[in-house]
Amino acid sequence: MKCVMIVNENLPRGIIANTTAALGISIASLQDGMTGKKLMDRNGRIHESITNVPIPILALPVNDVKVLYDNLLELNDEDLKVIGFNDVAQNSHHYEEYEARLLQTAKDNINYLGICIYGPKKKINRLTGSMKMLR
């Protein structure tokens, strides 16, 4: 299995950090086995579990992120988990506001700051193999 995040390459660093954090929390809550166990260092201190799956951060122009997200949803591939973080969410102050605003927003008017895709490695590589890493 493989996980990748794809972000709008033109976003400011802080928004990219926020977007990838939100997507990371979301995928970890949906997919068991994304984090390892708690670990202990030599001094006996406990270190909480972190991801045990590499998560490359790839970059695309804003319109390409949206097209990819829409195409992935249309595929309706049960092997893939697809999570989008959009401008409606980014501009909402709490989840209930996001829910209300999203219900009033047509899909053509939703712009994606980033997406996360989790699924079989071959499928993920086929979908993202030509994308560049975020620099």
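None of these values were measured; they are calculated from a predicted model.
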Between [X] and [Y] (side chain of the first, backbone of the second, donor and acceptor by atom type, cut-off under 3.5 Å), is there such a pair?
X      : Y     : result
Asp41  : Asn43 : yes
Ser92  : His94 : no
Arg101 : Glu96 : no
Asp64  : Leu60 : no

May I ask you to check whether over 12 heavy atoms, not counting those of Ile50, lie within 6.0 Å of atom CD1? no

Could you report the tightest heavy-atom contact between [X] and [Y], atom names first, then the distance?
X      : Y      : result
Gly119 : Leu80  : CA-CD2, 4.0 Å
Glu97  : Asn91  : OE2-O, 4.0 Å
Met133 : Pro56  : SD-CB, 4.0 Å
Ile83  : Tyr69  : C-CE1, 4.0 Å
Cys3   : Tyr118 : CB-CD1, 3.7 Å

Lys2 side chain near Pro120 side chain, heavy-atom distance below 4.5 Å: no

Report yes if the side chains of Met131 and Ile6 come closer than 4.5 Å at any heavy-atom pair, otherwise no. yes

Would you please say whether a donor-acceptor pair under 3.5 Å links the side chains of Tyr98 and Asn86? yes

Nearest 0.5 Å please: distance from the [atom1] atom of [X] over to the [atom2] atom of [Y].
X      : Y      : atom1 : atom2 : value
Asn125 : Thr128 : CG    : OG1   : 5.5 Å
Leu127 : Leu58  : CG    : CG    : 11.0 Å
Ser49  : Ile46  : OG    : CD1   : 11.5 Å
Ile124 : Ile117 : CD1   : CD1   : 5.5 Å
Asn63  : Leu68  : CG    : CG    : 12.5 Å
Cys116 : Ile55  : SG    : CD1   : 6.5 Å

Please evaluate residues Asn111 and Lys66 with respect to the criterion side-chain hydrogen bond (donor to acceptor under 3.5 Å, both in side chains), reporting the C-alpha separation (whole Å), side-chain torsions for both, the decisive distance (0.1 Å), and the verdict. CA-CA 6 Å; Asn111 295 304; Lys66 180 180 180 54; 5.0 Å; no

Thinking salt bridges, do Arg135 and Glu9 make one under a 4.0 Å N-O criterion? no

Pair Asp70 + Lys107: basic N to acidic O under 4.0 Å: no

When clusters are formed by joining ILVMFWY residues with side-chain heavy atoms under 4.5 Å apart, either directly or through shared neighbours, do Met1 and Met5 land in the same one? yes

Is Val82 reachable from Val53 through a run of hydrophobic residues whose side-chain heavy atoms are each under 4.5 Å from the next? no

Leu113 and side chain to side chain contact (heavy atoms under 4.5 Å, CB included): which single residue from Leu11, Val65, Val62 fits? Leu11

Please test Leu102 against Ile110 for side-chain contact (heavy atoms from CB on, under 4.5 Å), starting from the C-alpha separation and ending with a verdict. CA-CA 9 Å; Leu102 193 59; Ile110 300 172; 3.6 Å; yes

Please set out all donor-acceptor pairs under 3.5 angstrom arising from side-chain atoms of residues 14-36, sequence neighbours excluded.
residue, atom, partner, partner atom, Å
Thr19, OG1, Ile15, O, 2.8
Thr20, OG1, Ile16, O, 3.0
Thr20, OG1, Ala17, O, 3.2
Ser26, OG, Ala22, O, 2.8
Ser29, OG, Ser26, O, 2.8
Gln31, OE1, Lys81, NZ, 3.1

